[in-house]
Amino acid sequence: MWYIDAELPIQLAIAEINNITVNTDKTAFHNLKECANSYKSKYENYSVGKVEGIQYARRLFQDIGIDPTKHRPASEALLNRALKNKQFYSVNSLVDVGNWCSLDFLLPISVYDMNKIVGDVELRKGKEDESYIGLNNLPINLHNRYVLSDETGPFGSPIKDSQRTAVNYNTSKAILLI
């Protein structure tokens, strides 16, 4: 069951994916790179802020109290890589799909392993002493930030997701959030 505080200025689209096989297939990764090349050719001489559609994720971050110039939405970070012709990295087939969709739609998208989520999930503000180790191997301070939390504690935020619920090759059920 999902609980979203009605007072929060945020909406989520939630897709549950069952019976999935996560593998090394590079189809989504190639699509991600093609999407990046398309943005590069169309917006080559533009700053990221001038790309049509980027303002939606920025506005979301501003509405939830995150400065998008200090903590970029994932979609903007991917777009920035594309426009600067920086290398993209394949993680696995499912994460690559999430990254491709995030860049294509210019919206932050998160993918979590449902088998690693314990009990009900709540979207709420982080408490003063809450943190977790992010996908970048660094501690992420969650105080006053929006977090996804289960019975074990927080596992996701708009800035960086936790290692605890990360998708890997053993993932068979996933949740995708936009």
Side-chain angles (χ1 to χ4, degrees), residues 1-17 20 22 32 48-49 53-82 88-92 94-168 170-171 173-178:
M1 176 79 64
W2 286 74
Y3 298 99
I4 300 172
D5 185 340
E7 306 272 328
L8 302 180
I10 191 170
Q11 294 179 348
L12 292 177
I14 303 168
E16 187 175 314
I17 308 164
I20 192 165
V22 178
L32 168 65
V48 170
I54 201 69
Q55 45 291 51
Y56 299 117
R58 284 183 173 185
R59 190 169 335 130
L60 165 70
F61 268 41
Q62 290 166 346
D63 287 349
I64 62 174
I66 299 172
D67 181 350
T69 62
K70 290 184 179 179
H71 302 284
R72 293 188 188 278
S75 51
E76 185 172 337
L78 290 166
L79 178 61
N80 197 40
R81 291 189 82 71
F88 284 82
Y89 301 94
S90 177
V91 178
N92 60 51
L94 184 56
V95 172
D96 292 348
V97 166
N99 286 338
W100 168 36
C101 292
S102 184
L103 179 59
D104 195 22
F105 304 140
L106 293 179
L107 292 171
I109 295 177
S110 295
V111 184
Y112 304 102
D113 186 324
M114 282 186 56
N115 291 322
K116 297 175 183 175
I117 296 173
V118 179
D120 295 337
V121 175
E122 178 182 23
L123 173 64
R124 61 173 173 76
K125 287 267 194 144
K127 298 171 186 166
E128 188 172 342
D129 60 342
E130 288 185 311
S131 66
Y132 55 62
I133 301 299
L135 294 174
N136 59 356
N137 292 318
L138 296 173
I140 306 298
N141 178 0
L142 302 171
H143 179 242
N144 251 355
R145 296 198 174 147
Y146 289 89
V147 298
L148 291 169
S149 182
D150 64 6
E151 292 176 15
T152 305
F155 63 85
S157 80
I159 295 173
K160 191 78 64 184
D161 293 321
S162 76
Q163 292 180 3
R164 179 170 66 88
T165 54
V167 170
N168 61 34
N170 296 318
T171 300
K173 290 171 53 177
I175 195 86
L176 183 138
L177 300 174
I178 301 173

Checklist entry - Quick one: does Pro158's side chain get under 4.5 Å of Pro73's, heavy atoms only? => result no

In a table with atom names and distances, give each donor-acceptor pair under 3.5 Å that connects a side chain of residues 135-144 to protein atoms at least two apart or in another chain.
from: Asn136; atom 1: OD1; to: Leu138; atom 2: N; distance (Å): 3.1
from: Asn137; atom 1: OD1; to: Gln163; atom 2: NE2; distance (Å): 2.3
from: Asn141; atom 1: OD1; to: His143; atom 2: N; distance (Å): 2.9

Euclidean distance, [Y] [atom2] relative to [X] [atom1], rounded to 0.5 Å:
X	Y	atom1	atom2	result
Ile178	Ile14	CD1	CD1	10.5 Å
Ile175	Ile117	CD1	CD1	6.5 Å
Tyr146	Leu60	OH	CG	9.0 Å
Arg58	Thr69	CZ	OG1	8.5 Å

Tell me every residue that passes side chain to side chain contact (heavy atoms under 4.5 Å, CB included) with [X], counting only those two or more places apart in sequence or in another chain.
X	result
Thr152	Val118, Asp150, Arg164
Asp129	Lys127
Asp63	Arg59

Next on the checklist: Taking salt bridge (charged side-chain N to carboxylate O under 4.0 Å, His left out) as the cut-off, I'd like each qualifying pair that reaches into residues 132-147, sequence neighbours left out, listed once.
Outcome noted: none

Item to check | Counterpart residues, salt bridge (charged side-chain N to carboxylate O under 4.0 Å, His left out), relative to Arg81 (two or more places apart) | outcome: none

Run the side chain to side chain donor-acceptor pair (under 3.5 Å) test against [X] and tell me which residues pass, sequence neighbours left out.
X	result
Glu151	none
Ser149	Arg124
Asn170	none

Do you know which two heavy atoms are closest between [X] and [Y], and how far apart they sit?
X	Y	result
Gly156	Asp161	CA-OD1, 3.5 Å
Ala174	Leu94	CB-CD2, 3.6 Å
Lys160	Tyr132	O-OH, 2.5 Å
Asn92	Asn168	ND2-CA, 4.0 Å
Val48	Ile54	O-CG2, 3.4 Å

Next on the checklist: Pair Leu148, Leu177 - check side chain to side chain contact (heavy atoms under 4.5 Å, CB included), show working.
Outcome noted: CA-CA 11 Å; Leu148 291 169; Leu177 300 174; 3.1 Å; yes

Checklist entry - Has the side chain of Gln55 got a donor or acceptor atom that lies under 3.5 Å from a matching backbone atom of Gly53? => result yes

Under 3.5 Å, sequence neighbours excluded: what are the donor-acceptor pairs made by side chains of residues 96-106?
from: Asp96; atom 1: OD1; to: Val91; atom 2: N; distance (Å): 3.0
from: Asp96; atom 1: OD2; to: Ser90; atom 2: OG; distance (Å): 2.6
from: Ser102; atom 1: OG; to: Leu107; atom 2: O; distance (Å): 2.8

Checklist entry - Who are the ring-ring contact (aromatic ring centres under 6.0 Å, His included) partners of Phe155, not counting sequence neighbours? => result Tyr112

Next on the checklist: So for atom CZ, which belongs to Phe88, do other residues, nucleotides or ligands contribute more than 12 heavy atoms lying within a distance under 6.0 Å?
Outcome noted: yes

